[in-house]
Colleague: 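Here you go, one structure.
Each chain gets a letter, A, B and so on, in the order its sequence line appears, and its residues count up from 1. Since the structure is predicted, the reported quantities are computational estimates derived from the model, not experimental observations. Note that these values count all heavy atoms, side chains included, but never hydrogens, waters or copies made by symmetry.
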Amino acid sequence: MSAIICKELCKTFHQGEQVITGLDHVSIEIKKGSFTCLSGPSGSGKTTLLNAMGGLDTPDSGEIWVGDTRLDTLARGALADMRLHNIGFVFQAYNLIPVLSARENVEFVMQVQGVAKGERRRRSDEVLAEVGLQGMEDRLPSQLSGGQQQRVAVARAIASKPKLVLADEPTANLDSKSAAELMALFESLNEQHGITFVIATHDVRVMGYARRLISMRDGLIISDEAQQSHSMVV
Amino acid sequence: MNASWLVVATLAWRNLWRNYRRTLIILATITLGVWSMIFMSALMRGMVDEIVRNGLETLPGEVQVHAPAYRRDPSVVNSMAMPDGDFLQALGESPVVAWAARVRVPAVISSERDSRGVVLLGVDPSAESALGSAPDNLVEGRFLLGVDDKGVVIGASLAKRLETSLGKRIVLMSQNPDNDVADRGARIVGIYKARLPGTEDIYVYAGRAATQKMLAMGEQISEVAVTADDYRAVQSWYPNILEAAGDELEVLPWTALDTFLSSMLAVQDGFALVFMVVVFLALSFGLVNTLVMAVFERVREIGLMLALGMKPALIIGQVLVESLYLLGLGLAAGNIIAYVSIRALENGIDISSVAQGMEMMSMSPVLYPALRFSDMLMSTAVVIVLGLAASLLPAWKASRLDPVKALTKT
Ligand SMILES: Nc1ncnc2c1ncn2[C@@H]1O[C@H](COP(=O)(O)OP(=O)(O)OP(=O)(O)O)[C@@H](O)[C@H]1O
Ligand SMILES: [Mg+2]
């Protein structure tokens, strides 16, 4: 079974006179319950591909399927609903709502989903503990370090138990130890709950966890190989 | 749904205090605007009240009862009997506080120097006093002592035109029911001043019985004037009189007797509304600017919320709720300040030093702001409805943001 299918995705950006290739006829299939890393140098199209898979950005041409839903033809509202209920996001640059505490940020998605209060509280406590933020639940993002903020974002992405987590550079702001812990958490969520992970990174330590490593360059997939997961060296 | 609106309410409230200085400035602006809406309406109501009350003083009586043809031809022929039976009983019932039966006919008054056309009022002085329509400023002499008083009371201006004075004799001339000249000589026993010089020229007071005798009209009268305690409420009680007086008589509230005054009362709601809308339009620039700034500063987190799957409608809701908080707080403060300031000034604001000549417009130089609950309600409705309407554009813009572009905005 496929979690995601991309067929011949093309995306170009226009900056003044310049035409930039984001994705160049990318076709890819992500299996349910898999753990995939997208790697590649800066500007190679990792974020563009993740955004397309997450229904955040529509490609110029090609098809995207998430489960049984074709995304590239969906309306805005339906896309928003699909994201809300099926996908956990960790974004590359900006992740938390500044006026909400760590716990409120984690509960945000569940609250919009309409999860009951007690259940929200239980799950947010649980995942915040899992990402090692016990005792910091009531802090505002501005009172947390970059790494801690990143972990709150991860906690939010997994708290609603989505079928699919799309994470863009989740370890960018983490020290080696935190990064290893986070990846171990992803791995166990993947193994125990069968959540599908697609992670964009140029962190070699993260790539070590992947069962499948896809390399990109200039909007093209240049290699796609299965590998044995191996813990990173701390 | 409930939980997501709760988060919207929380976000809107906290966002409000992120830039508290800007919030306080716009709150002060809304408060001032709301205050001015209510305060100016109160002043205007006070002024209109004053004009209407002065007008009613010369009308006089909030409800008048006549023979049907009297208003077309106010002569002695078109007279009516003194009230009795049901009619008399209705005049004794609340909310009527006073009534007077009078003879009111056109007449000519002559001194040895000049003659003028006037309105001769044959009155019962104690009833007129109760009604509030006896002249309240007697500058010389006295008012009539009873219905049989043979003297007359005239205005100061008229006395001057006739080149006569207190104690002198004049001749009153009118028609009797047989169209013959009816006249009698009388002594001037009092001279009054009225707020409006026009009144002084026109109304000549004489005893009712003395006048009936002169006009040979027996016990007949021209009109019954009735007053209750609130002239604005006349529509609610005049039908009682109408019913009791029977079909033979014409019963009219002051709103029908003086359409100018009643139209003043009618248009003041329109004026208040227009004024409030104008004040709000000025206000709305500040409000929209604040919201546009707030949205602009928060593009990235709005992008984040959209990316996470929050429905655009909830983003619109968030901006509107934030706007509602501002409007609600401003309204509360504005209403309270308006209430307090109007209450404090209810005894009158003397503007005579800056507004000479207001008497010409039948207004006194003291303004009495009149607080109305309906004005507070109207300003609230105007501010909420127009405020939300003005907030729609920034809210809609926020909801249309592209999440990817918004998220990566630097
Ligand atoms: N909104 C945009 N407007 C113009 N060009 C864009 C836009 N978004 C992406 N690009 C360009 O598309 C290409 C792919 O960008 P993308 O963000 O997918 O790269 P990436 O692999 O995620 O890089 P990084 O590792 O730095 O995050 C880049 O050349 C980038 O400059
Ligand atoms: Mg990227």
Colleague: Take a 6.0 Å sphere around CZ of B:Phe275 and say whether it holds more than 12 heavy atoms from other residues, nucleotides or ligands.
Modeller: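 Yes, because the 6.0 Å sphere around CZ of B:Phe275 holds more than 12 heavy atoms from other groups.
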Colleague: Please indicate whether B:Arg22 has more than 12 foreign heavy atoms, meaning atoms of other residues, nucleotides or ligands, lying under 6.0 Å from its CZ.
Modeller: yes
Colleague: More than 12 heavy atoms of other residues, nucleotides or ligands under 6.0 Å from NE2 of A:His85: is that the case?
Modeller: yes
Colleague: Counting only heavy atoms from other residues, nucleotides and ligands, does the tally under 6.0 Å from CZ of B:Phe271 exceed 12?
Modeller: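 Count not over threshold, so no.
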Colleague: Measuring from atom CG of B:Leu407 to atom CG of A:Leu56, what distance do you get when rounded to the nearest 0.5 angstrom?
Modeller: 7.5 Å
Colleague: What part of A:Val99 gets closer than 4.5 Å to chain B, counting heavy atoms only: side chain, backbone, both or neither?
Modeller: both
Colleague: Tell me, yes or no, whether the heavy-atom count around B:Trp13 atom CH2, taken from other residues, nucleotides or ligands under 6.0 Å, exceeds 12.
Modeller: yes
Colleague: With only heavy atoms counted, which part of B:Arg18 is less than 4.5 Å from chain A, the side chain, the backbone, both or neither?
Modeller: side chain
Colleague: Check each atom of A:Gln92 against the heavy atoms of chain B and say whether the ones under 4.5 Å are side chain, backbone, both or neither.
Modeller: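 For A:Gln92, neither part sits under 4.5 Å from chain B.
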Colleague: Is the shortest heavy-atom distance from the side chain of A:Arg156 to the side chain of B:Leu308 under 4.5 Å?
Modeller: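 Yes, close enough: below the 4.5 Å cut-off.
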Colleague: Please confirm whether the backbone N or O of B:Met310 pairs with a side-chain atom of A:Arg83, one donor and one acceptor, at under 3.5 Å?
Modeller: no
Colleague: Test side-chain contact (heavy atoms from CB on, under 4.5 Å) on B:Lys311 and A:Arg76 and set out the steps.
Modeller: CA-CA 9 Å; B:Lys311 282 257 171 54; A:Arg76 267 165 64 88; over 6 Å; no
Colleague: Please say whether more than 12 non-hydrogen atoms of neighbouring residues, nucleotides or ligands are located less than 6.0 Å from CG in B:Asp49.
Modeller: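 More than 12 heavy atoms, drawn from other residues, nucleotides or ligands, come within 6.0 Å of this atom.
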Colleague: Please identify, among B:Ala307, B:Gly303, B:Pro403, the residue contributing the most non-hydrogen atom pairs under 4.5 Å to chain A.
Modeller: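 Between B:Ala307, B:Gly303, B:Pro403, the count favours B:Ala307.
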Colleague: Within a radius of less than 6.0 Å around CZ of B:Phe285, do more than 12 heavy atoms belonging to other residues, nucleotides or ligands occur?
Modeller: no
Colleague: Decide yes or no on side-chain contact (heavy atoms from CB on, under 4.5 Å) for B:Arg14 and A:Leu100, but give the supporting numbers first.
Modeller: CA-CA 8 Å; B:Arg14 294 199 193 156; A:Leu100 298 183; 3.7 Å; yes
Colleague: Would you call B:Leu11 and A:Phe108 a side-chain contact if the rule is heavy atoms closer than 4.5 Å?
Modeller: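 Yes, close enough: below the 4.5 Å cut-off.
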Colleague: Just so I know, are the side chains of A:Gln111 and B:Ser4 near enough to count as touching, which here means a heavy-atom distance under 4.5 Å?
Modeller: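 A side-chain contact under 4.5 Å is absent here.
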Colleague: Please look at A:Ile87 and chain B and tell me whether the side chain, the backbone, both or neither of the residue comes under 4.5 angstrom of a heavy atom of that chain.
Modeller: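 No part of A:Ile87 comes within 4.5 Å of chain B.
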Colleague: Name the one of B:Leu304, B:Asn15, B:Val7, B:Ile302 that satisfies side chain to side chain contact (heavy atoms under 4.5 Å, CB included) with A:Ile97?
Modeller: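 In the set B:Leu304, B:Asn15, B:Val7, B:Ile302, the residue that makes a side chain to side chain contact (heavy atoms under 4.5 Å, CB included) with A:Ile97 is B:Leu304.
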